[in-house]
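Structure first, then comments.
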Amino acid sequence: MPVTVLLVDDEPLVRAGMRAVLEAQPDIEVVGEAADGAAVIPLVRQLRPDVVAMDVRMPLLDGIEATRAVLRTVDEPPKIIVVTTFENDEYVYEALRAGADGFLLKRARPAEIVHAVRLVAEGESLLFPASVRQLAAEYGDDGGNRAARAVMERAQLTEREAEVLRLMARGLSNAEIAARLVVGTETVKSHVSAVLAKLGARDRTQAVIAAYESGFVAPG
């Protein structure tokens with residue numbers, strides 16, 4: 001089955017360009033488009049896309065609020081990639097904190113766009129981990145988020161789970177973590193699932209953001 005994608009951007013040329021890039025791939029299908037975040041929820045419910053690629057800044061409802069709305073109201077929500085003009089943007093970090101699974105630059109090369117959609121759909125690695133670290137260093141609370149610290153303390157991660165979370169924050173995939181720890185991939189998947197459950201995170205991106213916000217992992 002192909003990865004299905006919904007494109008949300010107020011610029012028709014951006015949507016057309018991303019559609020052309022993605023539909024050139026045999027394993028990706030663009031199932032719909034919208035010009036504003038306000039149209040996302042009904043389209044997600046109707047089309048059930050695997051991934052939503054959404055502009056972070058739109059006139060009526062921006063990508064941050066649209067992300068929050070989708071995750072709050074849609075059962076089994078899709079993965080969300082926010083699309084932005086500027087990499088080092090506080091809006092991008094706020095979107096990640098709101099629950100987005102990653103971000104993509106509008107000037108990204110076609111191969112990067114395809115890679116981002118596939119990676120986020122698979123959910124076994126972090127998209128652009130170095131950039132996420134940079135955003136966390138500039139806009140995160142750097143351990144000053146009391147709520148994040150409380151969540152991390154309540155999680156009571158085991159030593160191995162903590163090690164897995166640190167490697168997740170560095171952007172390692174499940175297979176890479178398995179090789180590093182000399183264990184099976186299924187074992188790593190079990191540890192990742194345990195980390196997500198204990199932190200109340202829907203995916204590894206949110207777990208990593210919590211790790212940075214709580215000071216468990218230093219973003220530098």
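Asp75 has no carboxylate O lying under 4.0 Å from a charged side-chain N of Arg45, or vice versa, which leaves the two without a salt bridge. Between Glu112 and Arg109 there is a salt bridge, since at least one side-chain N of the basic residue sits less than 4.0 Å from a carboxylate O of the acidic one. Salt-bridge annotation for Glu163 and Arg180: absent, with no side-chain N of the basic residue lying under 4.0 Å from a carboxylate O of the acidic one. A salt bridge between Arg57 and Asp10 is absent, with no side-chain N of the basic residue lying under 4.0 Å from a carboxylate O of the acidic one. Salt-bridge annotation for Glu213 and Arg149: absent, with no side-chain N of the basic residue lying under 4.0 Å from a carboxylate O of the acidic one.
Counting heavy-atom neighbours within 6.0 Å of Arg170 CZ, excluding the residue itself, gives a total of 12 or less. Residue Phe128 qualifies as enclosed at atom CZ: its count of foreign heavy atoms under 6.0 Å is above 12.
Defined by atom type and a distance below 3.5 Å, a donor-acceptor pair is missing between the side-chain atoms of Arg97 and Gln206. Between the side chains of Asn174 and Thr185, no donor-acceptor pair is found at a separation under 3.5 Å.
In terms of heavy-atom proximity, Val44 sits nearest to Pro78 at CG1-CD, 3.7 Å. For the residue pair Ser125 and Gly171, the shortest heavy atom distance occurs at OG-O, 3.2 Å. The two atoms that bring Arg68 and Ala98 nearest to each other are CG-CB, 3.6 Å, heavy atoms only. The minimum heavy-atom distance linking Val132 with Leu127 is given by the pair CG2-O, 3.7 Å.
The side chain to side chain contact (heavy atoms under 4.5 Å, CB included) test with Met54 is passed by exactly one of Asp36, Asp9, Asp62, Thr67: Thr67. Under the side chain to side chain contact (heavy atoms under 4.5 Å, CB included) rule, Met18 has a single partner from Val5, Leu7, Leu13, which is Leu7.
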